[in-house]
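All values below come from the heavy atoms of this structure, side chains included, with hydrogens, waters and symmetry mates left out. Every chain is numbered from 1, with letters handed out A, B, ... down the list of sequences.
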There are 2 protein chains.
Amino acid sequence: MINIAELKVFVTAAEEMNFSRAAQRLHLSQSAVSQNIQSIERTYRVELFVRHGRSVQLSEAGKSILPMARDVLNSARLLEDALSNVNGEVAGDLSIGCATTSGRYFIPNLLASFQRDYPHVRTRVSLMRRQDVLDGLLDQTLNIGIIGRFVEHRDLQIQPLLEDRVILIVPAHHPWANLKQVKPADVLEQPFISREVNSGTYEVLFDNLRRHGIDPDNLNVVMQLGDAEAVEMAVEKGIGITFISEMMAARSLALGRVKKVAVEGFNVTQPVYMVRHVSRMFTHAEAKLWEFVKLHHEELTAELLFNLADVTLAR
Amino acid sequence: MINIAELKVFVTAAEEMNFSRAAQRLHLSQSAVSQNIQSIERTYRVELFVRHGRSVQLSEAGKSILPMARDVLNSARLLEDALSNVNGEVAGDLSIGCATTSGRYFIPNLLASFQRDYPHVRTRVSLMRRQDVLDGLLDQTLNIGIIGRFVEHRDLQIQPLLEDRVILIVPAHHPWANLKQVKPADVLEQPFISREVNSGTYEVLFDNLRRHGIDPDNLNVVMQLGDAEAVEMAVEKGIGITFISEMMAARSLALGRVKKVAVEGFNVTQPVYMVRHVSRMFTHAEAKLWEFVKLHHEELTAELLFNLADVTLAR
DNA sequence: ATGGAGGATAATAATTACTTATGATCAATA
DNA sequence: TATTGATCATAAGTAATTATTATCCTCCAT
């Protein structure tokens with residue numbers, strides 16, 4: 001009797017046209033992929049791939065079989081999803097790839113709420129580079145992606161998740177600490193801490209600064225750091241000021257280690273998007289998360305900021 | 001990842017509503033059936049069957065899952081059949097249940113020819129009672145059934161295979177041995193060997209005798225035997241005469257141990273039918289056998305009789 | 001109550017199916 | 001043309017799975 005795991009190996013190998021890559025996607029050794037495919041070939045006396053030394057190609061037989069193998073896999077997926085969700089109880093696994101650093105701050109909160117409603121869904125979040133998220137979605141290795149920049153792709157469906165405000169933070173004992181508001185031009189005079197500029201997010205920010213009358217080239221940059229967290233830390237230490245996502249700064253703000261200062265006319269937000277593969281079956285769990293996010297993202301953002309503020313009160 | 005073998009166990013158990021019977025059908029131990037089903041139940045935290053002491057019933061979850069499980073099985077069957085039949089080469093397994101004794105005589109011949117055309121199809125023939133053939137077809141344990149009486153059933157497709165002539169045979173040294181023809185009434189005077197009457201085939205024969213002016217109750221029955229082969233043997237030994245399928249008698253006739261005598265106006269044939277499950281997928285191998293039989297049954301019958309006749313020539 | 005039918009469970013044996021390590025082959029390149 | 005790197009095949013060892021047999025347990029019919 002044919003075996004679904006083997007079929008999955010075959011289909012993945014056919015998609016990758018490369019056993020080693022297929023092995024990676026399947027979290028298997030290359031040897032296992034070879035063996036699985038040979039196993040099908042042996043039991044049915046078929047040649048699925050034509051081997052040309054260092055490359056493999058689908059044989060005619062392989063090509064004709066592929067759609068049927070996909071059918072089996074699809075109906076199996078349907079069944080598995082149904083099995084995981086009997087009597088309305090949503091269950092299953094969700095693999096989420098998160099590309100944006102702000103994800104680190106709200107995702108745990110989001111998932112905590114989600115888990116409260118759907119306790120049987122197991123979620124796994126991995127932080128990864130944007131491109132890996134997109135690859136993972138197209139690979140179908142990931143169910144949901146979280147990214148910070150818009151993307152358009154035939155196979156990807158994108159949904160705005162939240163808008164993260166960009167704010168100016170200053171050290172707790174900075175002269176501006178108790179100011180209501182400063183003028184854009186004032187920013188140029190203060191020591192500024194920035195991230196290394198190759199960061200995609202930072203390019204977007206710089207564009208926005210320009211649009212609000214702050215030329216990033218004229219910033220008094222006293223320090224450049226690799227990641228946003230380090231930048232935040234540097235501000236806490238009093239080295240300078242910076243623009244940062246409100247969500248990221250929430251904890252430091254709540255602890256009073258940095259202060260938020262409004263910049264006249266400055267109103268920038270960074271979007272966060274949720275992405276999924278469209279042509280792929282929507283499992284119950286996926287659908288529920290998608291729907292959940294659509295319904296609750298605003299209140300979740302508020303709750304997150306509020307909760308972080310609570311940290312100070314609790315002390 | 002779900003497992004097709006387990007699904008098959010589940011579906012069979014659901015059909016039988018009895019794990020032990022399912023085990024039999026699957027050629028597995030009852031324990032294995034229990035374990036397979038528990039394995040699904042455990043991995044998906046579902047209750048597929050409700051156990052009531054000594055009986056099991058499909059749970060609501062089981063009921064809702066069943067059609068999807070069937071879908072998976074069907075698409076898998078489709079794939080397997082395709083895999084077995086790439087590049088037009090028909091292959092696969094055929095399980096044939098044969099209910100009629102005449103099957104014993106022509107089936108080997110039929111399959112030998114079939115194998116010549118389709119060498120990669122493995123056939124397995126089991127002789128069994130008529131009811132077991134029908135059950136096996138409905139069970140989908142058998143691909144093809146061979147039976148001697150017509151059957152009508154929503155799920156069964158029936159195809160006449162051949163007509164087996166019923167002839168009167170007499171011992172080689174019987175006074176009639178060289179007669180061209182006798183009258184129906186003459187038969188009543190000779191010692192007659194019959195099968196036990198509960199045999200279904202025999203009832204049909206008796207009806208036919210009556211229609212040809214031979215009242216079976218008036219036969220001079222000197223011996224009753226359990227099976228047709230024994231009857232034939234008894235005729236060879238000179239104990240009496242009998243009506244028998246020409247196909248069964250072919251070997252004895254060819255060896256000259258019995259003689260065929262025509263009875264005036266007597267022209268009875270026993271049909272042989274081929275049956276299959278309609279609502280079931282037609283595998284390539286099945287389709288080929290079906291088609292093969294339709295095309296060749298006449299010449300096969302002729303060939304069979306001729307080949308048997310050859311036995312004498314070869315000596 | 002008691003025997004039997006039907007399912008669960010435990011222990012064991014057999015088989016599968018991974019993994020790592022290594023070998024073989026081909027293509028690109030120096 | 002030898003070398004290197006990429007890629008798949010194969011071998012050996014081991015882990016994991018899965019079936020089997022042998023009880024055991026429970027419920028129902030007698």
Margin query: Could you check whether atom CZ of B:Arg129 has more than 12 heavy atoms from other residues, nucleotides or ligands sitting under 6.0 Å from it?
Written below: no
Can you check whether [X] has a side-chain N or O nearer than 4.0 Å to OP1 or OP2 of [N]?
X	N	answer
A:Ser34	D:dA9	yes
A:Asn18	D:dC8	yes
B:Arg51	C:dA8	yes
A:Asn36	C:dT16	no

Check: salt bridge (charged side-chain N to carboxylate O under 4.0 Å, His left out): which pairs involve residues 2-23 of chain A, sequence neighbours left out?
Finding: A:Glu15-A:Arg25, A:Glu15-A:Arg70, A:Glu16-A:Arg21, A:Glu16-A:Arg25
Please report, rounded to the nearest Å, how far the [atom2] atom of [N] is from the [atom1] atom of [X].
X	N	atom1	atom2	value
A:Leu48	D:dA9	CG	P	12 Å
A:His52	D:dA9	NE2	P	13 Å
B:Ile40	C:dA8	CD1	P	13 Å
B:Gln57	C:dG7	CD	P	12 Å
B:Glu41	C:dA8	CD	P	8 Å
B:Glu16	C:dG6	CD	C1'	14 Å
A:Ile37	C:dA17	CD1	C1'	15 Å
B:Phe49	C:dA8	CZ	C1'	15 Å

Item checked: For DNA chain D, the residues among residues 20-32 of chain B that have a non-hydrogen atom under 4.0 Å from it -> B:Leu28, B:Ser29, B:Ser31, B:Ala32
Notebook entry, point to check: Is it the case that A:Ser20 and A:Gln24 place a side-chain donor and acceptor less than 3.5 Å from each other?
Noted result: no
Next item on the list: Between C:dA17, C:dA8, D:dA9, spot the one nearest the side chain of A:Asn3, thanks.
Entry: C:dA17
Check: Nearest of C:dT9, D:dA9, C:dT19 to any side-chain atom of A:Gln35?
Finding: C:dT19
Do the side chain of [X] and the main chain of [Y] share a donor and acceptor less than 3.5 angstrom apart?
X	Y	answer
B:Glu41	B:Leu48	yes
B:Ser39	B:Gln35	no
A:Asp81	A:Arg77	no

Next item on the list: Could you tell me whether B:Val33 contacts a base, only the sugar-phosphate backbone, or nothing, with contacts defined as non-hydrogen atoms closer than 4.0 Å?
Entry: nothing
Item checked: Heavy-atom side-chain contact between A:His153 and A:Leu138 under 4.5 Å -> yes
